[in-house]
Amino acid sequence: MRFKEEINKRRTFGIISHPDAGKTTLTEKLLLFGGAINEAGAVKSHKIKRGATSDFMEIERQRGISVSTSVLAFNYNERKINILDTPGHKDFAEDTFRTLTAVDSVIVVIDVAKGVEEQTEKLVEVCRMRQIPVIVFINKLDREGKDAFDLLDELEKKLKFNVCPLSFPIGMGYDFQGIYNIWEKNLMLFNQDNKQRISKTVNITDLEDKSLNEFIGEKPSKKLKEEVNIIKEVYPKFNQCDYLSCKQQPVFFGSALNNFGVKELLDCFISIAPSPLPKESIERIINPNELKFSGFVFKIHANMDPKHRDRLAFIKIVSGIFKRNKPYHHVRINKNFKFSSPNAFFAEKKEIVNESYPGDIVGVHDSGNFKIGDSFTEGENINFKGIPSFSPEHFRFINNQDPMKSKQLAKGIDQLMDEGVAQLFILELNGRKIIGTVGALQFEVIQYRLEHEYGAKCSYENINIHKACWVESTEKISNEFIEFKKLKNKFLAKDKSKNLVFLADSSFSLEMTKQKFKSIKFHYKSEF
Ligand code: G4P
């Protein structure tokens, strides 16, 4: 019985946003409410600052710190909350995509002045693909921004959301008076002199109540009534099943910096967000309340100490109870591993744990055996789905600069790729290695780490590649497939799992190839 209660208690989620929308600030405020940290600024200093685009030393420093912020766990109202940190820097988007395989729901933060931005669109697309329930938090209401209805429109058009506002702002920027909480039917009013504080919370069961005028003034109260009427007419009523099945996205307004609307968001979140969900594997669907343990690696973190190539692998527990010192079956390499010091993470510290439950994340020591996507079980062969690689944006040949160190270089490249720093493609034609990354910054990180951790020197050479497409052909011996391989020989490569990839040099040539070889499918991600 306790096992089921432990599962139901857990809420494992990620906060995503375009950089600067307020993800770090919101995370910090949630931790403050949960009593996990005592002062504002604790999380902030861990963030990779904007403008550090070429400062890889800073990235290195951050990499060390970010182990402790990878999972931010705390208890709140008898729930165990696990926030999985996602890097805000767009060059690390792939990291965020992978972290999204381990969350059960997501909060998207939108800047009221900027609306839906590019990075948000990409991340929401991944949530849609993975069927992750989403709540939206529109932030920075203390500033002038877009009209609330225009923003709701934008969410519908750009993110294809079916929005359901659960709160609504009273004024904005200079005129911002507070928020009407549709969910709890109360008004939260800002302290006009000091916008850092909520002056009062008023329960208003009926907006027609005359006292509304007293609280916010005649004009704003008339406007609020009209707006709430529009909401009732235009938007669907909140339906938890629709939210959980991604057919509806609740929207909150507030200001993370000013603590405004954050507690309301958290209170609603813990009551509607899903506890750990079943997870699909190639073999079958695994339910969290199955008694046997299963889990998968979604993140690997290299240690900062260059002398020890130890790594920390983050395992999301899917089912059963994970126990310290119990042997678990590593499905890919068909070997048993025992973990004597698995770590659980709390906001500012990590601790060795004896038991962990579905929804939790444990960090285990890895001496170079594990890869992202690896599964652990009590013996069953389970391969979890949903950790695809996406086509990188930047490609370069990687060359060895020191012939005496070719072994070290190969090992370094291998391990960095297992960690998911970038993707490796090996050309079919001549075996040359190509590194593909989401952001240009990773090339510097790789070069630096190869030198400092593996003693290997590399250089890069430009190559003109537009996109990497994973090739799917149902008939591998068809004439068309043979002709495709012959004609495009120069552009074909294998990824790390030996899948065939077409490296198109332009969108035009990709289009032409698609037209010519109709029986072959080209995918922008490795799982299809
Ligand atoms: P991110 O993690 O999504 O990149 O955003 P972050 O929380 O770092 O917030 C980006 C900037 O927006 C920060 O200002 C932060 O203080 C500010 N901010 C966050 N929430 C609100 C809000 O509700 N209202 C207002 N007015 N600002 C908000 P910064 O100047 O870039 O950083 P800092 O000097 O405050 O650290």
Side-chain angles (χ1 to χ4, degrees), residues 90-95 97-98 122 125-126 129 371-373 387-400 406 409-410 412-447 450 458-528:
K90 80 169 180 12
D91 284 11
F92 292 87
E94 184 95 9
D95 244 17
F97 297 156
R98 275 192 298 264
K122 279 196 189 156
E125 187 57 45
V126 178
M129 239 168 63
K371 271 191 200 182
I372 284 172
I387 312 198
S389 301
F390 293 83
S391 173
E393 304 283 328
H394 305 266
F395 300 84
R396 288 186 201 166
F397 279 121
I398 183 163
N399 298 323
N400 187 4
S406 55
L409 183 77
I413 294 177
D414 238 36
Q415 292 208 340
L416 292 183
M417 299 307 126
D418 286 350
E419 241 183 73
V421 176
Q423 290 179 60
L424 178 71
F425 300 99
I426 298 181
L427 276 186
E428 289 268 89
L429 185 68
N430 52 19
R432 284 195 75 183
K433 288 179 176 169
I434 296 170
I435 302 279
T437 66
V438 177
L441 183 57
Q442 267 101 335
F443 290 111
E444 280 178 67
V445 173
I446 293 167
Q447 200 166 32
L450 283 173
C458 76
S459 65
Y460 296 112
E461 195 182 315
N462 285 339
I463 174 172
N464 181 30
I465 297 173
H466 162 67
K467 276 264 163 4
C469 297
W470 280 264
V471 177
E472 182 190 9
S473 172
T474 38
E475 294 163 55
K476 292 241 154 32
I477 43 164
S478 72
N479 286 342
E480 194 169 297
F481 191 62
I482 292 166
E483 200 199 335
F484 163 73
K485 284 190 74 169
K486 211 165 110 193
L487 204 76
K488 296 292 172 189
N489 189 17
K490 245 173 65 186
F491 302 98
L492 293 179
K494 289 270 167 73
D495 72 1
K496 261 213 105 206
S497 317
K498 308 257 180 312
N499 296 314
L500 188 66
V501 179
F502 173 50
L503 302 170
D505 56 354
S506 68
S507 60
F508 177 75
S509 84
L510 178 60
E511 239 359 88
M512 295 303 287
T513 313
K514 278 184 188 167
Q515 299 274 332
K516 189 168 163 74
F517 301 102
K518 290 225 160 56
S519 72
I520 300 173
K521 288 199 182 115
F522 298 90
H523 302 275
Y524 289 141
K525 55 181 177 17
S526 63
E527 229 174 55
F528 36 82

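Since the structure is predicted, the reported quantities are computational estimates derived from the model, not experimental observations. These values consider heavy atoms only, across backbone and side chains, with no hydrogens, waters or symmetry-generated copies.
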- Gap separating the OG atom of S506 from the NZ atom of K467, nearest 0.5 angstrom: 12.0 Å
- Query: Given R432 and I426, is the side chain to side chain contact (heavy atoms under 4.5 Å, CB included) satisfied, shown in steps?
  - Reply: CA-CA 6 Å; R432 284 195 75 183; I426 298 181; over 6 Å; no
- Message: Tell me whether E483 is salt-bridged to K516, with the criterion being a basic N under 4.0 Å from an acidic carboxylate O.
- Response: yes
- Task: Take the angle between the ring planes of H394 and F443 and call it parallel below 30°, perpendicular above 60°, tilted in between.
- Result: perpendicular
- Judged by atom type as modelled, is there a donor-acceptor pair below 3.5 Å linking the side chain of Q447 to the main-chain atoms of C458? yes
- What one should report as the nearest heavy-atom pair of F502 and K488 is CE1-CD, 3.7 Å
- How far does CG of N464 sit from CG of L503, to the nearest 0.5 angstrom? 11.0 Å
- Message: Tell me whether M512 at atom CE has more than 12 heavy atoms from other residues, nucleotides or ligands lying less than 6.0 Å away.
- Response: no
- Of all heavy-atom pairs between Q442 and V421, which one has the smallest distance, and what is that distance? CG-O, 3.4 Å
- Message: With a 4.5 Å cut-off on side-chain heavy atoms, are I372 and E419 touching?
- Response: no
- At their closest point, which heavy atom of K494 faces which heavy atom of L500, and how far apart are they? CE-CD1, 4.1 Å
- Item | Distance in Å, I398 CD1 paired with F425 CZ, rounded so as to fall on 0.5 Å steps | 13.5 Å
- Message: Centroid separation under 6.0 Å, is that true for the rings of F522 and F484?
- Response: yes
- Closest heavy-atom pair and its distance - L450, I413: CD2-N, 3.7 Å
- Item | Intermediate values then yes/no, side chain to side chain contact (heavy atoms under 4.5 Å, CB included), D505 and H466 | CA-CA 5 Å; D505 56 354; H466 162 67; 5.8 Å; no
- Message: Would T513 and F491 count as a side chain to side chain contact (heavy atoms under 4.5 Å, CB included) here? Give the steps.
- Response: CA-CA 11 Å; T513 313; F491 302 98; over 6 Å; no
- Any side-chain heavy atom of K514 within less than 4.5 Å of one from L510? yes
- Message: Return the CG to CG distance between D414 and L409, rounded to the nearest 0.5 Å.
- Response: 10.0 Å
- Does R396 reach the side chain of N462, with side-chain heavy atoms less than 4.5 Å apart? yes
- For N479, does the CG atom have more than 12 heavy-atom neighbours from other residues, nucleotides or ligands under 6.0 Å away? no
- Query: Less than 4.5 Å apart, any side-chain heavy atom of F395 and any of I435?
  - Reply: no
- Item | Min side-chain heavy-atom separation Y460-I446 under 4.5 Å | yes
- So, for G436 and P392, which heavy atoms are closest and what is the spacing to 0.1 Å? C-CB, 3.5 Å
- Message: Ignoring hydrogens and geometry beyond distance, is a side-chain donor-acceptor pair present between D495 and Q423 at under 3.5 Å?
- Response: no
- Message: Working to the nearest 0.5 angstrom, can you tell me the gap between S391 OG and I465 CD1?
- Response: 9.0 Å
- Query: Are the side chains of L424 and L416 in touch, meaning some heavy atoms are under 4.5 Å apart?
  - Reply: no
- Task: Kindly compute the distance separating NZ (K490) from CD (E428), expressed to the nearest 0.5 Å.
- Result: 15.0 Å
